[in-house]
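Numbered from 1 within each chain, the chains take letters A, B, ... in sequence-line order. Worth knowing before you read on, the calculation uses all heavy atoms, side chains too, and leaves out hydrogens, waters and symmetry mates. Quick caveat: nothing in here was measured; it's all calculated off a predicted structure.
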There are 2 protein chains.
Amino acid sequence: MLGEPIRDRRSERHERTKAEILDAAWEIARAGGLAGLTLRDVARKVGMRPPSVYSYFASKHAVYDAMYAQGCREFLGRVSRLDLTGDPLRDLTTGAWIFIDFCVEDPARYQLMFQRTVPGFEPSAESYALAVQALESLRAGLVKIGITAPEALDMLTALTTGLVDQQISNDPGGDRWLKLVDEAMEMFLAHMRSRTHRKVR
Amino acid sequence: MLGEPIRDRRSERHERTKAEILDAAWEIARAGGLAGLTLRDVARKVGMRPPSVYSYFASKHAVYDAMYAQGCREFLGRVSRLDLTGDPLRDLTTGAWIFIDFCVEDPARYQLMFQRTVPGFEPSAESYALAVQALESLRAGLVKIGITAPEALDMLTALTTGLVDQQISNDPGGDRWLKLVDEAMEMFLAHMRSRTHRKVR
DNA sequence: GTGATAGTCCTAATCGTGTTAGGAGAACCG
DNA sequence: CGGTTCTCCTAACACGATTAGGACTATCAC
């Protein structure tokens with residue numbers, strides 16, 4: 001019962017160390033792949049013995065979960081900084097680029113957040129709520145652009161995901177891939193328009 | 001130097017056991033995920049002690065490699081069984097479905113072959129040659145359909161990959177996803193046509 | 001101050017992995 | 001038969017995540 005005040009004072013340092021551990025984890029994951037992440041390496045990088053990490057995270061999965069949540073917050077921040085011009089193609093493209101950049105600039109993060117590849121890892125309810133919030137925010141942006149039908153969202157998701165995958169695993173020469181992304185956005189918009197026409201007819 | 005004849009006689013049994021191990025590995029990977037695959041479990045399933053597996057495969061990666069090669073052969077077989085009607089949309093759709101089905105019906109296999117997610121795994125040169133052959137064969141089929149430009153191939157790859165990812169990780173209700181795939185093929189073909197027009201003009 | 005308490009970090013040990021060493025026995029060849 | 005190869009085993013190692021338990025420190029109530 002007396003622990004509360006202690007916690008309040010110390011928590012600052014605690015949180016700082018926690019962040020330091022998380023930073024180390026990201027660095028290692030980026031360098032050696034998500035699956036290559038090791039608590040031992042993390043501990044070494046922050047100057048601890050492996051078991052000491054457990055003073056900050058209950059398990060390796062808890063570290064993954066914190067990384068997941070951090071990724072969600074970063075993503076949410078970027079989405080909310082987006083502002084629209086009113087030109088559908090332009091807006092769609094910049095919107096898509098937010099997602100695509102986010103994924104491509106850090107494949108380890110992409111793998112953690114969007115591909116389910118870490119053996120027993122499931123984000124906690126708390127972290128998952130963040131993810132839902134982020135995707136919700138993205139969807140709201142798309143609605144403003146005029147993309148409302150669920151099938152359209154599915155299609156756009158598939159398309160962008162596929163582009164990201166291609167960049168991460170094949171990496172065609174930078175320029176070629178950039179053009180591909182733009183062309184894909186054009187294709188998608190043209191398709192959306194043709195569908196509207198069909199319905200009108 | 002005298003080993004050859006022995007090897008010839010015994011190899012039959014050897015190959016059979018090897019296949020049995022591989023089957024066990026697939027079964028375990030399908031059930032518990034690719035990363036959940038354990039040599040100990042494999043050994044148990046075929047009634048051996050773990051180290052005995054090393055009489056058949058040099059390492060766990062060698063097992064992965066054999067699975068990879070097996071996947072390539074299966075894929076190649078399906079591609080070569082494809083026959084074309086001459087109707088581009090129809091042919092494209094059936095062709096795409098070969099790839100999509102192949103991926104979706106066994107996510108573990110998809111992960112092994114197309115997502116680079118197993119920590120230190122790289123297919124051997126031999127297995128990789130099989131993969132190249134399979135993709136080459138697929139490309140030849142697409143050329144027959146009329147899809148020749150590399151950008152078109154990139155686009156189609158991205159699109160199908162994205163559709164597969166969506167099915168594996170989200171699984172929207174079966175019917176909805178099936179429609180999405182068909183619509184994507186339509187969209188792609190329409191886009192191809194519009195590009196041709198632009199060039200002609 | 002003193003003593004209790006919480007927080008941090010350590011060493012030692014457990015358990016589950018892949019993997020190696022080394023040997024026993026069967027199958028096979030001459 | 002004698003030698004060779006193959007198959008499988010037990011023992012052991014290295015390296016992961018964890019847990020147990022203790023020392024030391026910072027804090028708090030008094």
Sorted by number, the residues of residues 19-48 of chain B with heavy-atom contact under 4.0 Å to DNA chain D: B/Met48
Whether B/Phe121 and B/Tyr64 hold their rings parallel, tilted or perpendicular, with breakpoints at 30° and 60°: tilted
From C/dA21, C/dC9, D/dT7, nucleotide with atom closest to B/Ser55 side chain: D/dT7
For atom CZ of A/Phe57 and atom P of C/dT8, their distance in whole Å: 12 Å
For B/Ile145 against B/Pro88, the heavy-atom pair lying closest together: CG2-O, 4.0 Å
B/Arg49 CZ - C/dT20 C1' separation (whole Å): 18 Å
Atom-pair distance (CZ on B/Arg13; C1' on C/dC28), nearest Å: 13 Å
B/Ser52 side chain near D/dC9 phosphate (N/O to OP1/OP2, under 4.0 Å): yes
Show me the donor-acceptor pairs within less than 3.5 Å that the side chains of residues 31-48 of chain B make with the rest of the protein, sequence neighbours left out.
unit_1: B/Asp41; atom_1: OD1; unit_2: B/Arg44; atom_2: NH1; d: 3.3
unit_1: B/Lys45; atom_1: NZ; unit_2: B/Glu27; atom_2: OE2; d: 3.4

Per B/Pro51 side chain, nearest of listed nucleotides C/dC9, D/dT7, C/dT19: C/dT19
N or O in side chain of A/Tyr56 less than 4.0 angstrom from C/dC9 OP1/OP2: yes
In a table with atom names and distances, give each donor-acceptor pair under 3.5 Å that connects a side chain of residues 125-136 of chain B to protein atoms at least two apart or in another chain.
unit_1: B/Ser127; atom_1: OG; unit_2: B/Asp65; atom_2: OD1; d: 3.1
unit_1: B/Ser127; atom_1: OG; unit_2: B/Asp65; atom_2: OD2; d: 2.9
unit_1: B/Ser127; atom_1: OG; unit_2: B/Ser124; atom_2: OG; d: 3.1
unit_1: B/Glu136; atom_1: OE2; unit_2: B/Arg139; atom_2: NE; d: 3.3
unit_1: B/Glu136; atom_1: OE2; unit_2: B/Arg139; atom_2: NH2; d: 3.1

Salt-bridge present (B/Glu74, B/Arg109; N to O < 4.0 Å): no
A/Tyr54 vs C/dC9: side-chain N/O to OP1/OP2 distance below 4.0 Å: no
Phosphate-side-chain proximity, B/His14 and D/dC6, N/O vs OP1/OP2 below 4.0 Å: no
Pairwise side-chain contact, A/Thr161 with B/Gln166, heavy-atom cut-off 4.5 Å (strictly under): no
Options D/dT10, C/dT19, D/dT18, nucleotide nearest the side-chain atoms of A/Ser59: D/dT18
